[in-house]
Amino acid sequence: MNDHYLAFANSALGRALVEGLGLPRPPVLERYTAGQPAFSVGDCLIGMTAGGRLCEQAGHILAAQNQSVWILDQDPARTAISACELQAQTLHTESMEGTRLKTVVFDASGIATSADLQELHRFFHPIIRQIAECGRIVILGHIPEQLDSAARTAQRALEGFTRSLGKEIRKGATAQLIYVGNGAEKQMESSLRFFLSPKSAYVSGQVVRIYASNHLAAVDWRTPLAGKVALVTGASRGIGAAIAHTLARDGAHVICLDVPQAEKELRAVAEAVQGSAMMLNICDAKAPQQIAAQVMSQHQGLDIIVHNAGITRDKTLGRMNRDLWNMVIDVNLASEERINDALLAAGALRHNARIICVSSISGIAGNLGQTNYATSKAGVIGMVQSHAQAYAEQGITINAVAPGFIETAMTAAIPFAIREAGRRMNSMSQGGLPVDVAEAIAWFANPASGGLQGNVVRVCGQSLLGA
Ligand code: NAD
């Protein structure tokens, strides 16, 4: 589905007209193409508060990419990164005119009291107008639940700051908060690579928790999924097809699953990604055992399962019959529980495996005419949160993405006025693309993402719904 307004507003004629009329101009978002550098290209600023414990590790990650950095005058980051092989120059706040910062990393893990929160103002106030188009801001904090009450309060406050920052910076720029738990300092790289790159084009205002994990895999970052086997449900079109392409780009063998009626499209996707096709209705009584048996016999197990297949059957509750209710709960939620159980029972999920679910912001905010859908998608979040710890003990992670308005056949079916509202009511003033969801899934799937557990990350351009 094309967004004609976005294309028009960014054409030579349209730009002048839109600006003349004072209408919003949705920015053209930078997206990743294979072979690009790990981080968005441009000036990088790194900073920290006194007592921060994450800046040095972030410095090592940036140094490994030969990234040169700026540091504000008298910022404690200069001492923290002195052991990193980083070229650091001083940025003087009084002479920043013309500076455009593409990436900003701020270690706020040292914030331990509400008085310390003034550090956010000290660091961000002078630089906030210098953020480049499609710039990336990452704030690093400490998981609040692991701290005493004063520090917990102060760290929790970072959420409100980050989400507001995301709404203020505009021009396709994004801001995220990564809480890094005790012992998880070395698990940050996959998340920094995602959030400081064009791969996170449509993700903003998100809060992620990284826990200590024994699974710190060495990764070839060009093909992080080489040798991995992934199963993607609902892969014949839309978001599922994009996930199949993205996981295959990262080196995985992808088993593409969809209903038998979609065989032609499914085979085309499977062929394009040099994967395999599995025609199956995930709600069939025997489907979970069939999937487990097939992945065991053909691939000796699975590394990644992406529960993407989903349906809508929208009606207000008074008009919704029981079949429509049951069908949506079964496809979007119950079948996923059954498949996970069958895969675990068969021992079909390998060491350091990933379960990644596709929820929806409807499951967070609720939506008129979607009681069945929102129930199912909120249930998916419940499934992720309730299993995260037990799965972690088995060396398996479970996380979810919650897309907002993504341009697919599903959203093309929405009436025009509601569709336009869905597209514009977010910090990016546009819908996302299937690849935006797929990139977030590839980040969770990465073998180096073993510390990401029980997270629900919205891919919604910071939609106002449920924010
Ligand atoms: P889509 O309708 O284009 O694709 C869904 C795919 O799932 C189809 O190929 C369909 O055949 C398959 N499928 C449905 N029932 C199945 C079953 N019983 N067994 C096997 N396959 C089945 O939808 P999409 O827009 O690509 O959405 C993909 C996922 O993202 C869904 O879970 C959806 O709820 C979620 N989502 C989408 C949006 C959006 O804006 N498009 C927003 C939030 C969440």
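In this chain, numbering begins with 1 at the start of the sequence shown. Below, all heavy atoms of this structure are taken into account, side chains as well, without hydrogens, waters or symmetry copies. Just so you know, ligand 1 is whichever comes first in the structure, and atom 1 is the first atom listed for that ligand.
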field: Closest candidate by heavy atom, reference atom 42 (C) of ligand 1, pool S360, P434, G404, S362
entry: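 Among S360, P434, G404, S362, the closest heavy atom to atom 42 (C) of ligand 1 comes from G404.
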Closest candidate by heavy atom, reference atom 32 (O) of ligand 1, pool V401, N308, V232: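 The nearest heavy atom belongs to N308.
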Using a 4.0 Å cut-off to any heavy atom of [X], which atoms of ligand 1 qualify?
X: V259; value: 11 (O), 16 (C), 17 (C), 19 (N), 20 (C), 21 (N), 22 (C)
X: L280; value: 19 (N), 20 (C)
X: I406; value: 39 (C), 40 (O), 41 (N)
X: N281; value: 17 (C), 18 (N), 19 (N)
X: T411; value: 39 (C), 40 (O), 41 (N)
X: I311; value: 14 (C), 15 (N)
X: V331; value: 15 (N)

Starting from [atom], locate the nearest protein heavy atom and write down its residue, its atom name and how far away it is, to 0.1 Å.
atom: atom 8 (C) of ligand 1; result: D258 OD2, 3.6 Å
atom: atom 22 (C) of ligand 1; result: A309 CB, 3.6 Å
atom: atom 34 (O) of ligand 1; result: Y373 OH, 2.6 Å
atom: atom 3 (O) of ligand 1; result: R237 NE, 2.9 Å
atom: atom 37 (C) of ligand 1; result: I239 CD1, 3.7 Å
atom: atom 19 (N) of ligand 1; result: I282 N, 3.1 Å
atom: atom 25 (O) of ligand 1; result: T408 OG1, 2.7 Å
atom: atom 35 (C) of ligand 1; result: V358 CG1, 3.6 Å

task: Specify whether H299 and H253 have parallel, tilted or perpendicular ring planes, treating 30° as the upper limit for parallel and 60° as the lower limit for perpendicular.
output: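 Answer is tilted, since the angle falls between 30° and 60°.
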- prompt: Should the ring pair F161 and F124 be called parallel, tilted or perpendicular, given that the plane angle runs from 0 to 90° and is split at 30 and 60?
  reply: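 Correct class here is tilted.
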field: Any side-chain donor near an acceptor of the partner, N352 and R354, under 3.5 Å
entry: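 Judged by distance alone, the side chains do pair up.
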Pair D258, S236: side-chain N/O donor-acceptor within cut-off below 3.5 Å: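 Judged by distance alone, the side chains do pair up.
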message: Please classify the E407 to ligand 1 contact at 4.0 Å (heavy-atom distances, strictly less than): side chain, backbone, both or neither.
response: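 Under 4.0 Å from ligand 1, E407 contributes no heavy atoms.
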- prompt: With a 4.0 Å heavy-atom cut-off (strictly under), which part of S359 contacts ligand 1: side chain, backbone, both or neither?
  reply: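 Under 4.0 Å from ligand 1, S359 contributes backbone atoms alone.
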Quick test of your reading of the model: are [X] and [Y] salt-bridged, counting only N-O distances below 4.0 Å?
X: D330; Y: R338; result: yes
X: R249; Y: E439; result: yes
X: R267; Y: E271; result: no
X: R313; Y: D323; result: no
X: K102; Y: E30; result: yes
X: R222; Y: D220; result: yes
X: E133; Y: R100; result: no

query: Of I355, N332, I356, which meets side-chain contact (heavy atoms from CB on, under 4.5 Å) against H307?
result: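 Output: one option passes, namely I355.
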Heteroatom proximity flag, [X] to ligand 1, N/O under 3.5 Å:
X: F405; answer: no
X: G238; answer: no
X: S236; answer: yes

message: Taking only non-hydrogen atoms of D330, do any sit less than 4.0 angstrom from ligand 1?
response: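 It does not; every heavy atom stays at 4.0 Å or beyond.
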task: Take every heavy atom of Q261, measure it against each atom of ligand 1, and state whether any distance is under 4.0 Å.
output: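 Under 4.0 Å: no for Q261.
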message: Looking at F194, I'd like to know if the NZ or CZ of K199 sits under 6.0 Å from its six-membered ring centre while staying within 45 degrees of the ring's axis.
response: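 Not satisfied by the 6.0 Å and 45° rule.
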query: Just by modelled atom types, is the V358 backbone N or O under 3.5 Å from a matching donor or acceptor in the K377 side chain?
result: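 Pair found, side chain donor or acceptor close to backbone of V358.
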